[in-house]
Asker: 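First the structure, which I've put down as structure tokens, then a few questions once you've had a look.
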Amino acid sequence: MIETAVVVAMYVVGLAMLLSLWRLLRGPTVPDRILGLDTLYVNTIALLILFGMHLDSSIYFEAALIIAMLGFVGTVMLSKYVMRRDIVE
Amino acid sequence: MSTAFEIMMVALLAVGAFFVLVGSLGLAKLSDFFKRLHGPTKASTLGVGCVMIASIGHHAVLGDGLGLRELLITGFLFITAPISAHLMAKAALALAAEDPRPSLPPRDEPQAGEGDGPRRAETGGRRS
Amino acid sequence: MEFALASGIGVLTACGIYLLLRARSFDVILGLTLLSYATNLLIFAAGRPVIGKPPVLREGVAETLANYTDPLPQALVLTAIVIAFAMTAVAIVVAMRSRADNRSDHVDGREPDAGGKQ
Amino acid sequence: MLELLLALPFVLALLVAILRNVPRAATAWLAASAPLLGLAILAWYTPAVMSGEIPQVTHAWIPQAGLLFDLRLDGLAWMFAGLVLGIGVLIVMYARYYLSSSDCAPRFFAYLLLFMGAMLGMVLAGNLLLLVVFWELTSVSSFLLIGYWTHRKDAREGARMALTITGAGGLALLGGVLLLGKIAGSFQLDVVLASGDAIRAHPLYAPMLGLVLLGIFTKSAQFPLHFWLPHAMAAPTPVSAYLHSATMVKAGVFLLARLHPALAGSDLFFYTVSGIGAATLLVGAWNAIFQHDLKGLLAYSTISHLGLITLLFGLSTPMAVVAGVFHILNHAVFKASLFMAAGIIDHEAGTRDMRRLGGLRRLMPFTSALAIIASLAMAGVPLLNGFLSKEMFFAEALEIRGHDAMRLGVSIAAFLAGIFGVAYSLRFVHDTFFGAPPDLGREIHEPPRWMKIPVEILVVACLAVGVVPALTIAPVLETSARGVLGPALPEYSLAVWHGFNLPLLMSIGSMVLGVTLYFGLRRLFDIHAVIRRSLGRRVFRGNVQALLRLAWRFTYAIANGNLQRYLLLTVLAALVLAAAPLADGALLAGAGAGQPMPVLGWVVWAVLAAAAIATVALHRQRLLALVVIGAVGLAVSLVFVFLSAPDLALTQLLVEMVTIALMLLALNYLPQESPKGRSRLRRVRDLAIAGAAGIGVTGLVYATITRPSQTIAGELLARSLPEAYGSNVVNVILVDFRGFDTLGEIAVFGIAGLVVHALLRRSRLTPTEVIPGGPALLPMPANLSQLLFPLALAVSVYLFLRGHNQPGGGFIAGLVLAIPLLLQYVIQGSQYVEQRLGFDYVRCIGIGLLAAVGTGVAAMLFDLPFLSSGHADPVLPLFGPLPLASALGFDIGVYLVVFGGAMLILSMMGTVKPRRKAPPAATGDAAPRGTPA
Amino acid sequence: MKRFLPSLPLSLAVFVLWMLLVSNFSPAQAALGLALAVALPLLADMLAPERARFGRLPVALKLGAVVLVDIVRSNIEVARLILGPERAISPGFVQVPLDLRNIHGITALASIITLTPGTVSAELSEDRRHLLVHCFNLRDADQVVATIKARYEAPLKEIFP
Amino acid sequence: MAHLPVLPVLVPLVAGALMLLVGRRIGPQRAIAWTAMAALLATAALLAREADRGEILVYLLGDWPARLGIALTVDRTSALMVLTTALLAAPCLLYACSGWDRRAPHFHALFQLQLAGLNGAFLTGDLFNLFVFFEVLLIASYGLMLSGGRGPRMRAGLHYVAFNITASTLFLVALGLLYGLTGTLNMAEMSLRVAAADPDDVALIQAASGILLVVFCAKAALLPLYLWLPETYSHAPAAVAALFTVMTKVGVYAVLRVYTLVFGSEAGELAGWAWDWLLPAGIATLVLASLGALASPTLRAQVSWLVIASAATLFIAFSLDTPASVSAGLYYLVQSTFVTAALFLIADMVRRQRGKAGDRLDIAAPLGHKAALGLLLLVAGVAVAGLPPLPGFIGKFALLAAVPDGRVALVWTTVLVTSLLALVAMARSGSQLVWRAEAFPDGAAAPRPPRTAQRIAAGVLLGYLGALMLVSAPVLRYTDAAAAQLLAPAPAADAIRGTAPTKRAPSP
Ligand code: NA
Ligand code: NA
């Protein structure tokens, strides 16, 4: 049953990813797209953990950890670019 | 493996997946950037949090023993999510055609030194 | 799955090549980035990847290709990713300098309207 | 000794060139010593050669290719060597006075000696390839000599024309000689000359002959390639006298004589050579009449005489050959003297234009006498050497057997040429030495004594040969003819008087008609008004111009400096070469069944494809393209995750972030948007090509990965843990199995850092858009990122240490170290960070590289190959076992290089902005702080 | 002490992180974790001019619990709004005047506001006296301000004196 | 001595790394550079001597059997390439030490790393490792070309970089497919597997190796991929352009290596398929390059076209696929590298003596130090036009002599006609630059003479040619043996696969 739940959860997260992708592609403003990308990253974290559960492996943990720790760097840089053009002032 | 554990796990997964989905749904559905900005918070807090706990339980019972490493992910998300939200908001404010910010109440008398001190310390190195 | 992988690589290749043939340095670099994704996936695909068999040895599991995917292409892709990044960095900097020195970001260093033929 | 003979001119050329600042006389003597000593050596050999011996020396040069340094002095070589050296002495003597004080004598003599050496080498060569070597050397040295007066356009042009024509001939000759060697089985002259019958019977005879003759004809200025010779007259007169009468143009006929036994004897040879020779004979002679330049007249006359010699060799009978050899000698002697005389006239009168000259016999009687005698020799007047060989020629023409038409044609040509020869000789004499003295505004008198002596010697030779041939030239002729014909020489007599026969009649007739022609022409129209432009030159120039235009148009039509075209061609080439073998549908043969595709996989596929296509769709708005391309990177990482490549996923994610940073940093200095391409057609074309490439790649990949794999990776898996002490096989491959790749990879990474550093260190670029206001203040993100920083460092250390056994490793750890630091740069500004954390990233790269190499070198100390891994398991007292693999040392190198390289690149890109406007409060020049390293 | 251990909480965080990461406890790992716990905050300290003074651990724990509960509660609330019709939502900005002066405190407050669904802290005024907060569904601005100040700012003022 | 094969990579690599530690001081940098240069020359000479014994030196990096790890394989050809590179690098370094190395940041480090990349590419027996070293040498070449430059050089650099990244991408595509089809990266092992390939796989393998061929031809500037070269080389600094002359040879070498060993005579259905493409492409390239040399507006552009022409000549030689032609090609390769390098150096000296006219051929301008430069230009021109007695001639006639009967007409015509074009082109430049040079106007000071180091550098390169001319016989004997080794790949493949590690167990 847990196994089924994990798989269903993965599909749900996959659906969420498609929704985020929609926003990413649709815009309309640049921050909207940045937000879409950021959400895509967060969705990925969930997906990776679920996948680890699905395969009963902890080998995907680091990837999730790295996204959680550094995935936002892209968001920060893009936002900073929108604000200032110059990301390292 | 007890049924209670199983039910708990399924519930956690359901809740987690639900909030992840709601976050993205909000992102896709809502009409304005600042409204959308609230969506992902659900994914990064409750959504991922619940999945993490489920994962800890899963690996503890079915896998290679108890490890609390997943907590780190939530921990890092709690540090990083505010930074990105903050910056995206600032970016959107910078782009906004008209300033949506409510005006600040009239400034208090500047209190000599008190408020400026730390700021100068923080930014002093950057202005040349 | 093989077809999905192959077609994904194909889409990346097509997009990359289209951008590669544009006239602006930045577009070309974007194209090269997409192409590097495509090649990385291609090399990776050459190892006949399967789901859930990472080449990290576990105790008690026989060290054969039945239990682990081919690690070699992965190592190659790692090298390729790093090299592609290095090349992208250089290309970007050259594009910046070319734009600054030649006052155009056209790949040929001059606006098509401005200069005639050689 | 033969080596010495050959070496002399080269050595002295070098000496002359090196010894600057010596008096001109000394230079001349030095130069003259080469031919003088050479003549001495030749004299020493003379008895032997005359007695039929062939002195020969052989050294290996490139024996396996058939190129031997083989020198061989048979009669023909002996005669030519004597000609080259003897006239060489006279020319040096003459040139010593001819050259003006502003001319650089050492250069002249060096070139001249170089040429002399080349000529000598050619005539002495006993190996055909060696002969070609020296043949080409004569072309080069004559190029230098013709162009000696570099300030003159005609000299430069004439030199290039001569080089082009003779160079082309030389290349053809090379081809011909190679064929000849192939046919004869050797390049040794002895062998080749002995296998004439086999050569003529060989199917490659015709092309071989064509190539060799092309070489010969260009060099000896045969019609229709004769036109370069008159233009070579721009050279100083000693050069003309030497090269264009006595030696270089004779190289062609020399070769004709040299190879006569091997080549002659076929109809092809007969018709081609005698036909061309006859045409040249007539064309040269006719044109000579209408030249106004003394040297021009002599040049066309030379062409004509060369045609005559060629014709004789074409006739191929032994007597004709003897006559040809004889005429080579005679022509050299009288033509050299005539050129020298023309040079004297030019020297004294300041012009060589016969329309302005006249009456010189009164002003310089002695020189005039000499020149007139030599002209008479040229005209073939009895008692002069020219007469003898001309007689022989007439006789030969009349005796052609078996080809009646040919006999008639050649005889008429010979007769006509005789007439023309008399006419132009007469013109030379009449226009220059008779008539009214010119008013050239200068005093004309006899030249310096030493300038005349060479002419005197030559004219005396003309007379001596013409009057008493049997006493003077007979032994020489016999010896040299034997060099061509072998011991069996035909019966011939060198008597002046052969009785009253048809040849004599022809001589007399041509004499009379020649005089008539000249004066008749003068009577008919003003010969001075005739301007004959050289058709050959016009055609040549036209061709060269056309070639240049063609080259230019072709080159820049193709290499038009357009990168898009270069890339397009590359893509197309790959497409064609990949598609060609699969055109017959071989693609899918042998493809197996695939694995099922989970639905979630399609989600990732959708993200990948949609984001990639969106990148293309949005690419003109660059920032948007960057945002979207981030999703492509993420999707690729996800593919890696799902398909069992955690290391790759990590690396891809991290590199993605750094790449975005890089692009954003760059985008600040590039336009924010791409203008729309003007051509819709081009977009459609590119789309089609891109689509084809995409489909092609899809097909190739699909066909490949559905086939069974036969990888060696099973062995890697099996040997990873026991022998390389790591359970993350990917990492083990990176640092152990294929550590050398990784070494190269980090070298690339480090170099990228250096390149970026080098390119940006001093540049100050202007951003495309500056948003007003000070730097963004981000206190809260700064605060949080400072909290994150040490934690990220801990993760970095963790990933580094476990990399050998679990996903991670030096590269990933290095980026996990770099990205948080980058974040500090973004949030706090580069100066802020660099003031507080002063890394020298360049040095970091260096240390990293050394660490990686050092780890590998350590294995060499244990007599193991570079990069062999080692392993130790020390047990520490308190902490227990501590597994140590040498791979860790290597990975430290990777870690440092990646960190240093990434940070160097990013920090450099953050520091290129121009000086920011000084804040109002600040005074003076607030230059940005220097960059790291 | 301060010189070698600039921030005890940070060192603790590094140590905990390390032990969580390596999962299996061994003396060697503990030693390494301790070493990093000392070294890395020192390195980080070079970048941070304003040191955090951290007091009142119990208050902090209590605040943590409050925040966790609030996260759950507001998640449900916001999820309901998202799933419902969009007209029911009336978003808006409020300026929250700050009494906190310590940048660490302000950061913590802003983070909490952001992490709690329904509110995002968008901007800190230049003088650090006001925090601009965007509310997903703003009905009563004053009440929002009051809640934030009472629930979060007050304890934070104790934690970061 | 046992480690000899790896030293040509390690010596410059370590030197390059050390450069980064000494900072910007030029003295220590030069000291390191020359020490490394001397060591490299010695190593290369020893390596050539070892290789000439006829056995293939196999160096198993990491002590892994060749097919598991990376093996360096030294045969006569690779040793010859390493030696050529070392010999070429010394005068280039000397030329750069006359001042350019101060102006171009990181010059010495990049120079050494470039050498490491070149040597790695020559020595490796592994296809992917070849890619890596290609990248090392390419990225170092970007730096060498662009460091200290600006303006048009940046534009040319952008083309160069973008083009090469594209080519490298194709390289990876080909590598991925080849690995997917054969399951190995070691060339010797791959040759075995290609020979035994399933008939269904043959077309795919050929498609993959076709893409690979495009890559190598792109680096070697073969039609239709040669267009990048003239603008790149003519915009590079002289010392760098001179060093670059060996880079096209890397592409040619790679073709020779891969398409003799992997797809060579033993490759079953695929044996020698590439040569059918290369001969016409080489001929067309040779013609176009010769026309380009004729059309060049500057001396440097002309030399660049001649570089292409020499690479095309090599392709012709190699695609004829006979021991004699390959041998002639190898000989020609060595000499053409030196002569074009010398011409780049001379062109730079000429350029500096002509004031604003630079090395433009269509403008008459005064030329300082005419005699010396004229002499250098003459010798180099004679050599590059393939006139005797310099090695260009020897190489050309050896090549012509080696053409198999069926191809004589085509190849001879091309080679001879293009030789004439080269001759015309060089005569034109020499005449325009040296002969047409006017006197310096009164009062205008003649430019400072070329530095002694510069003249020596050009002289050394021309001296190589003289030496090569004199010792042609032994050199050709060496290249004969090298060609024989290349064209009979089976023993080489067996040697590589059979080499046992020092300590480890051999591969089954
Ligand atoms: Na007259
Ligand atoms: Na929130």
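Lettering of chains follows the sequences in order, A, B, ..., and the numbering in each one begins at 1. Just the heavy atoms: all of them, side chains too, but no hydrogens, waters or symmetry mates, feed the values below.
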Asker: Using only atom types and a distance under 3.5 Å, with no angle test, would you say the side chain of Ser644(D) pairs donor to acceptor with the backbone of Gly52(C)?
Answerer: yes
Asker: Between Phe749(D) and chain C, which part of the residue has a heavy atom less than 4.5 Å away: side chain, backbone, both or neither?
Answerer: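 The answer is both parts of Phe749(D).
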Asker: Does any backbone or side-chain atom of Glu656(D) lie under 4.5 Å from a heavy atom of chain C? Answer side chain, backbone, both or neither.
Answerer: side chain
Asker: Checking Leu700(D) against chain C: side chain, backbone, both or neither under 4.5 Å from a heavy atom?
Answerer: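 No part of it gets close to chain C.
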Asker: Can you tell me which portion of Thr659(D) sits under 4.5 Å from chain C's heavy atoms? Options are side chain, backbone, both or neither.
Answerer: both
Asker: Given that the side chain runs from C-beta out, which part of Pro598(D) has a heavy atom under 4.5 Å from chain C: side chain, backbone, both or neither?
Answerer: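 The side chain, not the backbone.
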Asker: Flag the one option from Ile17(C), Leu78(C), Asn40(C) with the top tally of heavy-atom pairs under 4.5 Å to chain D.
Answerer: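 Heavy-atom pairs under 4.5 Å are most numerous for Leu78(C).
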Asker: Taking atom types as modelled, is there a side-chain donor on Arg622(D) or Ser674(D) under 3.5 Å from an acceptor on the other?
Answerer: yes
Asker: Can a donor-acceptor pair be found, under 3.5 Å and without considering hydrogens, that links the side chain of Arg97(C) to the backbone of Leu759(D)?
Answerer: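 Here the side-chain-to-backbone pair exists.
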Asker: Looking at Asn67(C), Ile29(C), Ile83(C), which has the largest count of heavy-atom pairs under 4.5 Å with chain D?
Answerer: Ile83(C)
Asker: Side chain from CB out, backbone as N, CA, C, O: work out which of these in Met909(D) comes under 4.5 Å of a heavy atom of chain C, or both, or neither.
Answerer: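 For Met909(D), side-chain heavy atoms alone lie under 4.5 Å from chain C.
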Asker: Using a cut-off of under 4.5 Å for heavy-atom pairs, which of Ala89(C), Ala86(C), Pro54(C), Ala84(C) has the most such pairs with chain D?
Answerer: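 Option with the top pair count is Pro54(C).
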Asker: Does any heavy atom of chain C fall under 4.5 Å from the side chain of Val732(D), the backbone, both, or neither of them?
Answerer: neither
Asker: Look up atom CG in Asp70(C) and atom CD1 in Ile712(D), then write down how far apart they are to the nearest 0.5 Å.
Answerer: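 It comes to 8.0 Å.
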Asker: Using non-hydrogen atoms and a 4.5 Å limit, figure out which bit of Ala46(C) sits close to chain D: side chain, backbone, both or neither.
Answerer: backbone
Asker: Who wins among Leu76(C), Leu5(C), Thr88(C), Ile81(C) for the most heavy-atom pairs under 4.5 Å with chain D?
Answerer: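 With the most close heavy-atom pairs to chain D, the winner is Ile81(C).
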Asker: State, without any angle test, whether Asn728(D) and Asp647(D) hold a side-chain donor-acceptor pair at a distance under 3.5 Å.
Answerer: yes
Asker: Determine yes or no for a side-chain-to-main-chain donor-acceptor pair under 3.5 angstrom, with Gln564(D) supplying the side chain and Leu21(C) the backbone.
Answerer: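 Such a contact is found between Gln564(D) side chain and Leu21(C) backbone.
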Asker: Side chain, backbone, both or neither: which part of Tyr18(C) has a non-hydrogen atom closer than 4.5 Å to chain D?
Answerer: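 Both backbone and side chain of Tyr18(C) come within 4.5 Å of chain D.
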Asker: Let me know if Asn805(D) has heavy atoms under 4.5 Å from chain C in its side chain, its backbone, both or neither.
Answerer: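 Contact with chain C is through the backbone of Asn805(D) alone.
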Asker: Give the member of Thr79(C), Val107(C), Asp101(C) that has the highest number of heavy-atom pairs under 4.5 Å with chain D.
Answerer: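 Sorted descending by pairs with chain D, the first entry is Thr79(C).
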Asker: Will you find, in the side chains of Ser25(C) and Asp105(C), an N or O donor that is under 3.5 Å from an N or O acceptor?
Answerer: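 Note: Ser25(C) and Asp105(C) side chains miss the donor-acceptor criterion.
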Asker: Would you mind checking which part of Arg620(D) comes under 4.5 Å of any heavy atom in chain C, side chain (CB onward), backbone (N, CA, C, O), both or neither?
Answerer: neither
Asker: Using non-hydrogen atoms only, which part of Leu568(D) is less than 4.5 Å away from chain C: side chain, backbone, both, or neither?
Answerer: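 When you check distances to chain C, atoms from both the backbone and side chain of Leu568(D) fall under 4.5 Å.
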Asker: So what's closer than 4.5 Å to chain D heavy atoms on Arg58(C): side chain, backbone, both or neither?
Answerer: neither
Asker: Of all of Gly8(C), Gly31(C), Ala100(C), which one pairs up most often with chain D through heavy atoms under 4.5 Å apart?
Answerer: Gly8(C)
Asker: Measuring heavy-atom distances to chain D, does Ser7(C) have an atom under 4.5 Å in its side chain, in its backbone, in both, or in neither?
Answerer: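 Contact with chain D is through both the backbone and side chain of Ser7(C).
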Asker: By a 4.5 Å heavy-atom criterion (distance strictly below it), what part of Leu19(C) contacts chain D: side chain, backbone, both, or neither?
Answerer: side chain
Asker: What I want to find out is whether Glu111(C) reaches Arg99(C) closely enough, with some N-O distance under 4.0 Å, to be called a salt bridge.
Answerer: no
